[in-house]
There are 2 protein chains.
Amino acid sequence: MKNKSLVNMPCPVARSLEHVGEWWNILILREALLGVSRFDDFQNHLGIATSTLAKRLNALVESGLLARRQYCEKPPRDEYVITKKGLDFRPVLLTLMQWGNTYYADGEPMIQLVDTETKQAVDLMLVDRNTQVEIDPQRHQSQPGPAADDMIKARFEASSASAAMPQQ
Amino acid sequence: MKNKSLVNMPCPVARSLEHVGEWWNILILREALLGVSRFDDFQNHLGIATSTLAKRLNALVESGLLARRQYCEKPPRDEYVITKKGLDFRPVLLTLMQWGNTYYADGEPMIQLVDTETKQAVDLMLVDRNTQVEIDPQRHQSQPGPAADDMIKARFEASSASAAMPQQ
DNA sequence: CAGTATCCTGTCCGATACTG
DNA sequence: CAGTATCGGACAGGATACTG
């Protein structure tokens with residue numbers, strides 16, 4: 001965020017955090033994904049200061065996660081709608097929500113995902129689209145990709161000796 | 001985070017952010033999931049200040065995501081290993097990584113998940129464990145859960161009229 | 001209603017120095 | 001090597017007031 005050290009970090013997680021690392025951004029995105037689009041609604045639901053909200057909203061538009069759209073000419077009124085990029089962020093929010101429900105909901109979940117066709121609560125599972133197998137730390141491990149630079153490669157070569165390591 | 005307004009927020013996402021909302025925490029967790037456990041390794045890989053690292057490490061131990069374990073008696077040396085709770089956070093990291101690879105990797109991914117059995121790159125997909133159907137904004141929507149308070153219920157009743165809303 | 005402008009505070013974080 | 005202690009800067013975020 002405030003620091004440029006992250007910018008130089010050749011890691012997709014770090015780069016993502018540049019844009020969504022501030023916690024208000026996540027909460028605003030969550031509201032946007034729930035269909036909220038008006039400045040006032042964001043403010044009332046989140047209890048965020050107007051100045052902060054305006055700043056975060058601008059940052060999210062800048063990052064391409066939200067799009068500003070004028071819905072009224074006079075007086076000019078803007079609303080903020082989710083973009084494709086923002087929509088693609090939903091799985092992150094959902095897995096975070098599930099994690100939060102598991103550890104910080106005092107047993108029962110406060111918010112849950114429901115299958116509107118079966119009316120059943122959704123139990124999220126992360127799988128490999130190719131094999132349909134659930135992601136497992138032992139079987140699915142991180143490795144440098146095609147665009148990896150020497151820095152990343154060195155990292156993994158050095159740590160590849162630790163096959164007995166916990167995971168990933 | 002710094003603010004208590006989040007604490008009172010009856011939302012699993014907000015509560016999660018209390019513990020992992022600071023971006024260094026995410027990066028440290030990512031290292032820990034890669035098998036890193038020593039203070040010095042964290043520091044070298046992340047380029048983080050020692051004072052900051054110590055503080056973040058303590059916070060993560062406090063939150064139960066990491067566990068301090070003495071691996072040498074004299075001189076006393078501690079290492080930080082991932083806990084079950086921290087391990088359960090891996091899906092969040094992975095979906096975030098995939099999102100980052102999609103939008104911030106200049107085409108090719110820098111780090112990718114590989115199936116060690118098939119040697120193929122993993123393509124992550126979020127599904128409902130009950131139906132094996134991929135999560136879709138139209139079909140899978142958020143609703144108040146069993147533990148929802150009146151505040152949450154009111155939210156959803158008020159916005160349920162907007163069935164044509166983008167998603168969730 | 002949808003912001004902008006200004007001021008202020010907390011704290012995240014880095015830099016540096018020191019310890020067993 | 002694995003930290004602790006201290007200092008200082010930058011900025012996120014809140015409170016308040018004001019505008020079209």
Side-chain angles (χ1 to χ4, degrees), chain A residues 1-9 14 17-29 31-32 36-63 66-81 158, chain B residues 1-9 14 17-29 31-32 36-63 66-81 158:
Chain A
M1 340 302 11
K2 70 283 326 257
N3 192 354
K4 56 275 311 307
S5 71
L6 266 188
V7 183
N8 303 325
M9 241 186 233
L17 291 176
E18 305 261 340
H19 301 87
V20 296
E22 271 128 57
W23 54 281
W24 269 134
N25 291 13
I26 308 277
L27 261 3
I28 290 172
L29 235 25
E31 292 299 313
V36 173
S37 64
R38 306 279 240 265
F39 192 95
D40 211 49
D41 289 332
F42 281 116
Q43 191 180 350
N44 289 134
H45 290 147
L46 296 171
I48 184 177
T50 65
S51 51
T52 304
L53 177 57
K55 216 182 299 177
R56 299 287 97 223
L57 244 19
N58 283 328
L60 285 169
V61 168
E62 186 96 9
S63 296
L66 253 34
R68 202 189 311 271
R69 197 177 58 184
Q70 188 170 344
Y71 69 92
C72 178
E73 282 204 11
K74 53 176 186 196
R77 293 276 183 270
D78 285 340
E79 63 179 353
Y80 301 85
V81 293
Chain B
M1 349 285 1
K2 69 283 329 252
N3 191 354
K4 55 274 314 305
S5 69
L6 268 188
V7 184
N8 303 325
M9 241 187 233
L17 291 176
E18 307 260 339
H19 300 88
V20 296
E22 271 128 57
W23 54 281
W24 269 135
N25 290 15
I26 308 277
L27 263 2
I28 290 172
L29 235 25
E31 293 299 314
V36 173
S37 65
R38 307 279 240 265
F39 192 94
D40 212 49
D41 289 331
F42 282 115
Q43 193 180 348
N44 289 135
H45 290 147
L46 295 172
I48 183 178
T50 63
S51 51
T52 304
L53 178 57
K55 214 181 300 177
R56 301 286 96 222
L57 245 20
N58 283 329
L60 285 169
V61 168
E62 186 95 9
S63 296
L66 253 35
R68 201 189 314 270
R69 196 176 60 186
Q70 188 169 344
Y71 69 93
C72 179
E73 282 203 12
K74 54 178 185 194
R77 294 275 183 272
D78 286 340
E79 63 179 351
Y80 300 85
V81 293

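Letters A, B, ... are given to chains in the order of the sequence lines, protein chains preceding strands, and every chain is numbered from 1.
OP1 or OP2 of D:dG14 lies within a sub-4.0 Å distance of a side-chain N or O belonging to A:Trp24. Distances shorter than 4.0 Å separate none of the side-chain N or O atoms of B:Trp23 from OP1 or OP2 on C:dC12. Taking only side-chain nitrogens and oxygens, B:Arg38 never comes nearer than 4.0 Å to OP1 or OP2 of D:dC1. For the pair A:Tyr80 and C:dA2, the criterion of a side-chain N or O lying under 4.0 Å from OP1 or OP2 is not met.
Rounded to whole Å, atom C1' of C:dC13 lies 15 Å from atom CG of B:Asn58. Separating the CG atom of B:Leu57 from the C1' atom of D:dC1 is a distance of 14 Å, rounded to the nearest angstrom. A straight line from NZ of A:Lys55 to C1' of C:dT4 spans 12 Å, rounded to a whole angstrom. The distance between atom CD of A:Gln43 and atom P of C:dG3, rounded to the nearest whole Å, is 11 Å. Taking atom CD1 of residue A:Ile26 and atom C1' of nucleotide D:dG13, one finds them 16 Å apart after rounding to whole Å. When rounded to the nearest whole Å, the span between CG of A:Asp41 and P of C:dG3 equals 12 Å. Look at CG on B:Asp78: it is 16 Å from C1' on C:dT19, rounded to the nearest Å. Look at CG on A:Leu46: it is 16 Å from C1' on D:dA12, rounded to the nearest Å.
Position along DNA chain D of the nearest nucleotide to A:Arg77 versus A:Ala49 favours A:Ala49 as the more 5'-ward residue.
Candidate nucleotides D:dA5, D:dG14, D:dC1 were compared by shortest atom distance to the side chain of B:Ser51, and D:dA5 ranks first. Between C:dG3, D:dA12, D:dG3, one nucleotide has an atom nearer to the side chain of A:Arg56 than all others, and that is D:dA12. The side chain of B:Asp40 approaches D:dC1 more closely than any other nucleotide in the set C:dT4, C:dC13, D:dC1. Of the candidates D:dA2, C:dG14, C:dA2, the closest approach to any side-chain atom of B:Phe39 belongs to D:dA2. Comparing atom distances between the A:Thr52 side chain and each of D:dG13, D:dA2, C:dA2 picks out D:dG13 as nearest. Picking from D:dG13, D:dG14, C:dC13 the nucleotide with the shortest atom distance to the side chain of A:Glu22 gives D:dG13. Relative to the side chain of B:Ile48, the nucleotides C:dG3, D:dG14, C:dG14 differ in distance, and C:dG14 lies closest.
Taking both residues in full, the closest heavy atoms of A:Leu46 and A:Trp24 are given as O-CH2, 3.6 Å, listed atom of the first, atom of the second, then distance.
For the pair A:Ile28 and A:Leu53, the minimum side-chain heavy-atom distance is below 4.5 Å.
Note on B:Leu53: nothing from the nucleic acid sits closer than 4.0 angstrom, heavy atoms only. Contacts of A:Phe42 with the nucleic acid, taken as non-hydrogen atoms under 4.0 Å apart, are absent.
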Kindly indicate, with the supporting measurements, whether the criterion side chain to side chain contact (heavy atoms under 4.5 Å, CB included) is fulfilled by B:Arg68 and B:Asn58. CA-CA 9 Å; B:Arg68 201 189 314 270; B:Asn58 283 329; 2.9 Å; yes
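Of the residues listed (A:Leu29, A:Asn25, A:Val81), the one engaging A:Leu66 in a side-chain contact (heavy atoms from CB on, under 4.5 Å) is A:Leu29, and it is the only one.
Between the side chain of A:Thr50 and the base of C:dA2 there is no donor-acceptor pair of N/O atoms closer than 3.5 Å.
Separation of atoms CG (A:Asp40) and NE2 (A:His45) is listed at 9.5 Å; rounding is to 0.5 Å.
For the residue pair A:Arg69 and A:Tyr80, no side-chain donor N or O sits within less than 3.5 Å of a side-chain acceptor on the partner.
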